[in-house]
Each structure stands twice: as structure tokens, then as C-alpha cells.
2 protein chains.
Amino acid sequence: MKRVAKKTITRSLLYIRILEKLIESGTHIVSSKQLADMMGLSDVKIRKDISNFGKVGRPRIGYKTFELKKILEDFVLQNIVHAVLFGVGNLGSAILKYPGFHQDRIKIVAAFDKDKSKVGKKINGVSVYSVKNAVKIISKTHAEIGIIAVPEKHSQNIADVIVSSGVKGIVNFSPISISVPEKVFVRDIDLSIEFLSLMYEMRHK
Amino acid sequence: MKRVAKKTITRSLLYIRILEKLIESGTHIVSSKQLADMMGLSDVKIRKDISNFGKVGRPRIGYKTFELKKILEDFVLQNIVHAVLFGVGNLGSAILKYPGFHQDRIKIVAAFDKDKSKVGKKINGVSVYSVKNAVKIISKTHAEIGIIAVPEKHSQNIADVIVSSGVKGIVNFSPISISVPEKVFVRDIDLSIEFLSLMYEMRHK
DNA sequence: GTCTAATTGTTAAATAATTCACGGATAAAG
DNA sequence: CTTTATCCGTGAATTATTTAACAATTAGAC
Ligand SMILES: NC(=O)c1ccc[n+]([C@@H]2O[C@H](COP(=O)([O-])OP(=O)(O)OC[C@H]3O[C@@H](n4cnc5c(N)ncnc54)[C@H](O)[C@@H]3O)[C@@H](O)[C@H]2O)c1
Ligand SMILES: NC(=O)c1ccc[n+]([C@@H]2O[C@H](COP(=O)([O-])OP(=O)(O)OC[C@H]3O[C@@H](n4cnc5c(N)ncnc54)[C@H](O)[C@@H]3O)[C@@H](O)[C@H]2O)c1
């Protein structure tokens, strides 16, 4: 199968969300132009993205919302994503309590913290465990992604724990780069950099 | 001045952070290769990025950490960034309490919520106001960026408030696209999409 | 039926970003 | 003072992504 551009994948995930909303509201047909307006993109880009997955629209009509959603899902989603969280602090708690992940088929199956007062608690149905038991619990839960929400000085240590449990994907919220083996994929989410680069863009355009 | 690539800007912001750490630890000289290893990038990319800002390194030696930091800052930073936050919920509170923004010269100068039980409180030194007073307070504080951390069904409404206050930059944490005039810049931070696209990458590489 | 206007899908062109390849500088060794 | 190994800077090549241009399709008007 042809390699699909990374940006096409992230946009396709957004299309799926919009299509869900359209379907829910009873809309059966949508054109690339309508989708484009809803998302602030160009219609060509949307058609180009979709063309990666086959010929699914009809000229003069548009796309059937349900059919398009199905096709996109078949290519870019599959199952529920299981994740474990490290660090049940301010950010970690917000993540645990966020209901949107469930809607997007992301399930947090366990959380870990080194603070004994947090271990044993349940937040939004998710149990908080001691980091000592992480490897054991992760292998039991078949988690696929580890979330790092601990203070940066502990991030590498937690990354090592995640790697040693066999998990191959990490979402890292701490503002430092972690070292992992090549076969482990890391997504860094750095909020400060988002603010600062937005600021740069505002000043230079 | 030559236009600098967007990705070069975000990486340069990361270089600044690493350089700060190196300077703090007493390191005076660093090579592109060392920086590359610390960040998981290639050394060429780092040299190419830096070359946008002039000839600052010395062959056979490397870069003076302090000098490089200064030059990068002159190009990609300037002042403190002032932001206002809408929605003091789980995520909004985490943002208010995060000390890292201060280190990165981002200052949250006011927060707004529609929940009366939150209005009047102070979180980490930041006062929470009623949304009704937002335009007035924003113009007084000279905020440059508005942060949207309200439930998605209110996001467009809050975006309109932010725009009508004259603020030209928005960081949007809600999982929907907001409509704003062309001259307003929006950065969408969509956590679900990060998880799902990471999952895709893990399955296809 | 024929025409028209709308909309898709695709090829080609343009733009953006990365990687390669290597020349030039220079500190340190001898 | 010459050699050598190292590291920077950069033009050219490659790869990735977006945008433009347009042919093909077809529902609906007439
Ligand atoms: N809060 C934000 O808005 C925000 C923004 C950007 C980045 N971050 C980053 O996210 C991370 C978490 O931020 P936060 O604000 O939630 O911090 P926090 O201090 O509120 O929470 C950190 C949690 O991690 C736990 N912890 C510490 N060491 C641990 C370890 N070794 N193993 C397991 N748990 C451990 C602590 O007990 C605490 O519960 C930090 O790296 C921070 O830089 C946070
Ligand atoms: N918590 C997360 O981890 C997470 C992850 C991804 C996205 N998000 C998004 O971030 C946003 C906030 O999430 P959250 O978990 O903090 O939600 P939350 O429900 O905990 O907090 C929302 C806050 O916004 C306030 N609010 C509601 N309507 C408002 C209005 N019109 N004006 C001002 N304030 C208003 C509420 O009073 C509440 O304090 C949501 O859009 C959510 O989809 C959150």
C-alpha cells in the first residue's frame, strides 16, 4: 500500500470527528467544500487526503457521511487505544478526568504515582498504583501507550520504566527530550513552545 | 530579512531551553553534534537552523552556549508573553498552576469562568473573573494570547469574545475548529489526535 | 434527451523541509 | 610550522507537502 503522508493522517482523524457530528445531526451528504469550511482548510486538500483511501465521493453530489467515516476509520483507526498514565498531578488528573478520550476510543487503563497519598485512590474509575508495580500491571493491561506527566527531572526514569514494560509508544508532556530505543515512538507535547511559536507567527505575518 | 521555516522556529525555541540548562550547569561550549544527541535530531539540521541567524559557531570548537542562546533569543523571542485563560476547569487549573510557563517567559495575567463559585478566587496568584468583564480586563492587561479551555460547545462563543477584545492569538484546547477573522492566529492543541496519530505511526512503521 | 452547473479525482507545478556532500576554518599535536 | 582530525557553513539533491489546473462525472433543469 502507498505510504500516506503524516499530515494526511492527522487531518483524517479530524475528518472522522466532524463526520461523527454530521451523522449525529442527521446529515447524510457532505461536500469537500463544506468540510473545508468547517475545518478552515481548502477543499482540494480534503479531496487529496481522501483520494489516498480510494474513490469514495460522487461528482456533483459529495460524500456520504457514513460511508466516508467508515472508510477513513478503516485506514487510520482500528481498535480502542489503551494507555497508562504516569504522574497524577495537575495535568495528569485533568487527563484522567477528561471524558473526551473515551469518545475518541482512548482508554486509560491504569495510573501511577510515587506519592503514597495518591496510590490506592481511584480517579474517574482509574486506579492509581505505585510505580514499583508498573511493569507488572502494564503487561496485564496490554497498554500500548505510556503518558509521561511527571516533573521533568523524573521523565527519563519513567520513560525507562515504560520502555522496559514493552510499551512502544510514549506521549511526553514534560519539556525535555527523552531517550528511547529506536523502535519506540515518542510524541512530545510542549505547551510552552506552542505559545512561543504562536507569538513568533503573530509578530512576523 | 529572509523568511525562516516554521519548523526552524519551534526547534530554535527548544535549543534556547537546552542552552539555558547547559549554561546553568557551567557548560560554555557545545557542538551541533552534542546538541543533536541531546535532542534526538541530526547535527546538520541544527547547523542549518542556526545558519538562518548568522555565522555564530567556530570550526573545530562549536558554539559558545551563552552567545548562541542570545542570538536565538534575539531572533525568535522578545518579551514576556501575556495570556488570558478562559475556563478554570481541570485543564485550565493545571495550566494556571504550572510554574514552567513563568520560566519560559509566559505570564497568565487573568482567568475567566462562568461558574460563579470560581469567580473571585485566585489560583496561583491569578484572579478569576466573570466572562462579562473579559473585554474590559483584557484591554487593561494588554494580553496578547487567549487560551480556550472551556467545553467545546462554548468554544466558538469564547473565541468571539477573545477576538472582540482585540487579541490576535488563540491557543485552543477544545477539540473543535473555531472560526476567526484572517488576522487572528490560532494554535489548536488536540490531545486525542496526538494519541491516535501516534498509534497509527506505531502500527505502520 | 440535451445542456448546465457542481463536484470529484488526478496529474502537474510549486513550495517547504530535510539530507547529502564537501569546502573551509582552526586547534592541537608533533 | 606543518599536519591532522574535527567541526562549521552551505549549495545542491532529495523528499514531503501543498496548491493549481483541469478532465471526468452526473443530477437536475428544461
Ligand atoms: N500543568 C501544566 O499545565 C503543564 C504544562 C506543560 C507541561 N507540563 C509538564 O507536565 C508534567 C506534569 O505537570 P504537572 O503540572 O501535572 O505537575 P505536578 O507537580 O502537578 O504533578 C506531578 C505528579 O507526578 C508525581 N511524580 C513525581 N515523580 C514521580 C515519579 N518518579 N513517578 C511517578 N510519579 C511521580 C507527583 O507525585 C505528582 O503527582 C511536568 O513535566 C510538566 O513540566 C505541565
Ligand atoms: N482535561 C483534559 O485532559 C483535556 C484534554 C483534551 C481536551 N480538553 C479540552 O479542554 C477544554 C477544557 O477541558 P476540561 O477538562 O478542563 O473541562 P472542565 O469541564 O473541567 O472545565 C471547563 C471549565 O470551563 C468553564 N466554562 C464553561 N463554559 C464557560 C464559558 N462559556 N465561559 C467561561 N468558562 C466556562 C466551566 O465552569 C469549567 O470551569 C474542553 O474543551 C476539553 O474538550 C481537555
Side-chain angles (χ1 to χ4, degrees), chain A residues 1-15 19 22 27-65 67-69 71-72 75-76 182 193 197 200-201 204-205, chain B residues 1-15 19 22 27-69 71-72 75-76 182 197 200-201 204-205:
Chain A
M1 194 182 80
K2 185 169 83 255
R3 192 179 143 347
V4 178
K6 245 211 310 271
K7 299 223 179 159
T8 293
I9 299 301
T10 62
R11 281 192 300 266
S12 297
L13 292 162
L14 292 169
Y15 303 156
L19 288 165
L22 288 172
T27 307
H28 292 175
I29 298 284
V30 70
S31 73
S32 57
K33 187 65 175 60
Q34 290 173 313
L35 283 173
D37 290 344
M38 285 183 259
M39 307 194 48
L41 301 174
S42 76
D43 53 343
V44 209
K45 201 181 262 176
I46 288 181
R47 289 201 299 282
K48 197 94 208 259
D49 283 340
I50 294 172
S51 75
N52 281 283
F53 310 121
K55 297 189 188 190
V56 17
R58 291 179 63 191
R60 183 61 212 265
I61 299 295
Y63 301 92
K64 290 189 188 171
T65 49
E67 189 188 352
L68 178 55
K69 169 169 167 279
I71 285 175
L72 292 174
F75 277 91
V76 305
E182 217 182 337
I193 300 297
S197 65
Y200 180 91
E201 196 178 335
H204 289 79
K205 281 217 269 206
Chain B
M1 193 181 81
K2 186 170 82 254
R3 194 178 139 350
V4 178
K6 245 210 312 269
K7 300 227 179 154
T8 293
I9 299 301
T10 63
R11 283 193 299 266
S12 297
L13 292 163
L14 293 168
Y15 302 156
L19 287 166
L22 288 171
T27 308
H28 293 176
I29 298 284
V30 71
S31 73
S32 57
K33 187 66 176 57
Q34 290 172 314
L35 283 174
D37 289 345
M38 286 183 258
M39 307 194 49
L41 300 174
S42 76
D43 53 343
V44 210
K45 200 181 263 178
I46 288 181
R47 289 201 299 280
K48 197 106 221 219
D49 283 339
I50 294 172
S51 75
N52 281 283
F53 311 121
K55 297 191 185 189
V56 17
R58 289 180 65 191
R60 183 62 212 265
I61 299 295
Y63 301 92
K64 290 190 187 170
T65 48
F66 188 81
E67 188 188 353
L68 178 55
K69 169 169 168 278
I71 286 175
L72 291 175
F75 276 91
V76 305
E182 214 182 339
S197 66
Y200 179 91
E201 195 177 335
H204 289 80
K205 280 216 271 206

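Keep in mind it's a predicted model, so treat the numbers as computed, not measured. Labels below follow one simple rule: chain letters A, B, ... track the order of the sequence lines, proteins then strands, and each chain is numbered from 1. As a basis for the values below, the full set of heavy atoms in this structure was taken, side chains included, without hydrogen atoms, waters or symmetry mates.
Here Thr8(A) lies out of heavy-atom contact (under 4.0 Å) with every strand.
Between the P atom of dC7(D) and the CZ atom of Arg58(B) lies a distance of 14 Å, rounded to the nearest Å. Between the CG atom of Leu41(A) and the C1' atom of dT17(D) there is a distance of 13 Å, given to the nearest Å. A straight line from NZ of Lys33(B) to P of dT19(C) spans 14 Å, rounded to a whole angstrom. For the pair Asn52(B) CG and dG9(D) P, the interatomic distance rounds to 12 Å; values are reported in whole Å. Taking atom CG of Leu35(A) as the reference point, atom P of dG9(C) lies 12 Å away to the nearest angstrom. One interatomic measurement links the two molecules: CG of Asp49(B) to P of dA17(C), which rounds to 11 Å at whole-angstrom precision. Between the CZ atom of Arg47(B) and the C1' atom of dT10(D) there is a distance of 10 Å, given to the nearest Å. Put simply, OH on Tyr15(A) is 12 Å from P on dT8(C), counting in whole angstrom units.
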Could you go step by step and tell me if Leu35(A) and Leu68(A) meet the side chain to side chain contact (heavy atoms under 4.5 Å, CB included) rule?
-> CA-CA 12 Å; Leu35(A) 283 173; Leu68(A) 178 55; 4.2 Å; yes
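Shown here is Phe66(B), whose CZ atom has no more than 12 heavy atoms of other residues, nucleotides or ligands within 6.0 Å.
For the residue pair Tyr63(B) and Arg47(B), the shortest heavy atom distance occurs at OH-CG, 3.5 Å.
Close to dT7(C), at under 4.0 Å from its OP1 or OP2, lies no side-chain N or O of Ser32(A).
Comparing atom distances between the Arg3(A) side chain and each of dA17(C), dT17(D), dT8(C) picks out dT17(D) as nearest. The side chain of Lys55(B) lies closest to dG9(D), out of dT18(C), dA21(C), dG9(D).
One distance of note links NE2 of His28(A) with CG of Leu22(A); it measures 11.0 Å at 0.5 Å rounding.
When each of Pro59(A) and Ser51(A) is assigned the nucleotide of DNA chain C bearing its nearest heavy atom, the one mapping closer to the 5' terminus is Pro59(A).
Under the 4.0 Å criterion applied to side-chain N and carboxylate O atoms, Asp37(B) and Lys33(B) are assigned as salt-bridge partners.
Put simply, the side chain of Lys48(B) and the base of dT19(C) share a donor and an acceptor less than 3.5 Å apart.
Between the Ser12(A) side chain and the Leu72(A) main chain, no donor and acceptor come within less than 3.5 Å of each other. Side chain of Thr65(A) to main chain of Thr27(A): a donor-acceptor pair is present (N/O by atom type, distance under 3.5 Å, no hydrogens or angles).
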List, with names and distances, any nitrogen or oxygen atoms from the protein found under 3.5 Å away from nitrogen or oxygen atoms belonging to nucleotides 28-30 of chain D.
none

